[in-house]
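Order of the sequence lines fixes the chain letters, A, B, ..., with proteins taken first and strands second; residue numbering starts at 1 for each chain. All values reported here derive from a predicted model rather than from experimental measurement.
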Amino acid sequence: MSREKVLVTAALPYANGPIHLGHLSGAYLPADIYVRYKRLNGDDIVFIGGSDEHGVPITISADKEGVKPKEIIDRYHNLNKEAFEKFGMSFDNYSRTSLPIHHATGQEFFLEFYKRNVLVEKKSLQFYDEKAKMFLPDRYVEGTCPNCGYEEARSDECENCGALYQPTELKNPKSKITGENPVLKETSHWYFPLGRYQKRLEEYINEMNRQYGWKENVLNYCRGWFKDGLGDRAITRDLDWGIKVPLDSNEGKVLYVWFEAVLGYISSTKEWAINKGDENLWRKYWQDTNTKYVPFIGKDNIVFHSIIFPAFLMAWNDGEREKYVLPQNIPANEFLNFEGKKFSKSRNWGIDVIDFLKLFPADPLRYTLAANLPETRDTDFYWKEFQLRNNSELADILGNFINRTLTFVNKHFSGEVPSKGKLDDIDTEMINLIAEYPAKVSKLFESYKIRDGVLEAMNLARAGNKYFNDSEPWKSVKQDKEKCASTLNICLQAIYTLAELLSPVIPFSSDKIFSMLNAEITEWHKCGGENLVPGHKLGKVEIIFPKIEDEVIEKQMQQLNKTAIKEEPKQDEQITFDDFMKVQLKVAEVLSAEKLEKSEKLLKLKVRIGNEERQIIAGIAKSYKPEDLLNKKVVVVANLKPAKLMGMESQGMILAAEDEKGGLKILSADDLVKSGARVK
RNA sequence: GGCGGGGUAGCUCAGCAGGUCAGAGCAGUGGAAUCAUAAUCCACGUGUCGGGGGUUCGAAUCCCUCCCCCGCUACCA
């Protein structure tokens, strides 16, 4: 196969928290295995990563801790970089989007689009803090909810009653920064017109899929987006933290993080080129149609890499300047869950990479994750499975095969590779089998079936054990030393092959195996041949994969359950009489009812509770016609906080129960009961 | 409610351009062997492929419908 030029990127982790095992499974580990394999395969490959360091969540974290955003991003950038290094990620460059080179790249794209009139400008009213001299993002404004009177409501939504409204409706707005009353001021923002590229994007994806076979999950996500239709997306924000919009008239504006983060791949490659001493080297990858660009990501990132980023690059390529390559394939993975549930920082469910690697070496984790990558659907990480993969696969099958072979050679052949003599069928079959492996595993890796490739490689260790057993060298050593020598020679070659085939997966252990063999790794396609010559002196034997004891795993599981934050109380939890009496159920009489336009399910009702009249919006239009309800006596929750539905205030809730067919039946009261009577 | 993803052996998962597709690994049972980290090797699975209906000569694989789980989301009451 001819040498390929490959550009691999792995999703930029957001520098607002530590990465966990799920991130590794989604993007980083498969990317790293692929890249390590491609390097051995002799391909011209560059592997790019970095931290995504802009955006509002980071400024909020900073505010919460009373520190500058820089402190947050430095902390997590360094933490995650260290975690990646310990995990064995072999990035050629791990950059960060706060660097000048990235700011320049983001601005260059913006200006290019701006000058060529690709962008659309839209004006809107937004809160402006005159003291701080800045526009305030939604989350920086607080005020009194126009609906329920809650005093700490956000500018466009109330956390208390759930109402949504325009910022102009908010009462007593206050800036969270200065405490001053902000004024509404006109601001303009730039939008990227994704819709203009939809047709070309669809063609691009269809063509790539036709040629390279994209994954079903990726195609489905794209189809969903296309079906809804792509619209304009704002690419600027009124914020201080981020890349400045490079226009004089746009003081105080930055590029929206989603616009510039994907460009981080490009700027990180630029940084790599500079470090390499050739500042234009990055162009050789990004701006050459022969490059195979493969971004590894998790499913949450599909839209950015299959639609938005390609649209940017198309827009750029429509101009006169050097053209960029678009992704050739996007091997996005689903998610890894943890012990049956989603990773959750707030519930303290899961484990961070950095913490995991304090407890266990990287390779058993890499192998366990690789053997169960969420390539076709969500999968789970279980502590028990981790132990099992380590003990019964890495230690018992692979480790033991290596150990039994090497100790045997040490004992009977003074630690030197024995020569092959006359071969039996079983020997030639094994030699042929070994020789098939590099291509076999290669084929799977090339089609991004990383999991299958890893498991297939491990099968060679199983075959090795079988061959060893069937050949019975412990017998032949006494009766037929030549046959015994052949057996051990072949086993050693198999170990060499295994060390190489598995080196992308368990690089640290692979190095150890090579040093035990006292040999160097070779090109991928050669590793299935005879790489250890007779008489070659082997290195010192050691145990590569110690077993993990039950107690160690149990301790982790206990730890997890102890620190996990309990979920909501169960539904069958009992409540006290007082609890029940907090809910005021009253009989109400329906005075009028009408269907709400534009709503499938909602009816607007006027009811009388005693002397009081109320408006209630009820989601029962599918089961009742307005006239069915007139003068009916129904049961309502009288002290429910009002809520806004479809812009109409609902001041209560009508009790209804679902019938067998999924329709709703209202609970009605006997005619003798007076309106306003308490139900208890 | 909408959208998306799933429901296949005890467990974790493959298979899903319809015809050796009823699978792998682990666990379990029985046996062989003893070089090795008590590690290996061999043999053994009657699973309604979530339920029901349909298309077809033939469906886990296509269509319809229902049930359940997960994620995102909404005019949840």
- Query: With a 4.0 Å cut-off on heavy atoms, is T405(A) in touch with a base, just the backbone sugar-phosphate, or nothing at all?
  - Reply: nothing

- Message: Under 4.0 Å, heavy atoms only, any strand: does K299(A) hit a base, just the sugar-phosphate, or nothing?
- Response: nothing

- Item | Presence of K475(A) side-chain N/O under 4.0 Å of A33(B) phosphate oxygens OP1/OP2 | no

- K342(A) side chain near C72(B) phosphate (N/O to OP1/OP2, under 4.0 Å): yes

- Message: Could you check whether F356(A) and W383(A) have their ring centres less than 6.0 Å apart?
- Response: yes

- Message: I need the CG-C1' distance between N337(A) and U12(B), as an integer number of Å.
- Response: 13 Å

- Item | Paired nucleotide for G4(B) [Watson-Crick or G-U wobble; both distances under 3.5 Å] | C70(B)

- Item | Base versus backbone protein contacts along nucleotides 37-42 of chain B [heavy-atom cut-off under 4.0 Å; B, S, -] | B-SBSS

- Query: Syn versus anti for A14(B), judged by chi lying within 90° of 0?
  - Reply: anti

- Query: Does atom NZ of K443(A) have more than 12 heavy-atom neighbours, drawn from other residues, nucleotides or ligands, at distances under 6.0 Å?
  - Reply: no

- Base, sugar-phosphate, or nothing for F468(A), non-hydrogen atoms under 4.0 angstrom? base

- Message: If you count heavy atoms of other groups shown closer than 6.0 angstrom to NZ of K449(A), is the number above 12?
- Response: no

- Task: Counting heavy atoms from C-beta on, name the nucleotide in U12(B), C13(B), C35(B) closest to the side chain of W474(A).
- Result: C35(B)

- Exercise: do Q493(A) and N489(A) side chains pair donor with acceptor under 3.5 Å: yes

- With a non-hydrogen cut-off below 4.0 angstrom, is N217(A) in contact with a base, only sugar-phosphate, or nothing? nothing

- Which residue pairs satisfy the salt bridge (Lys or Arg N to Asp or Glu O under 4.0 Å) criterion with at least one member in residues 205-222 of chain A, sequence neighbours excluded? E207(A)-R210(A), E216(A)-R223(A)

- Just call it for E393(A): base, sugar-phosphate, or nothing, with non-hydrogen atoms closer than 4.0 Å on any strand. sugar-phosphate

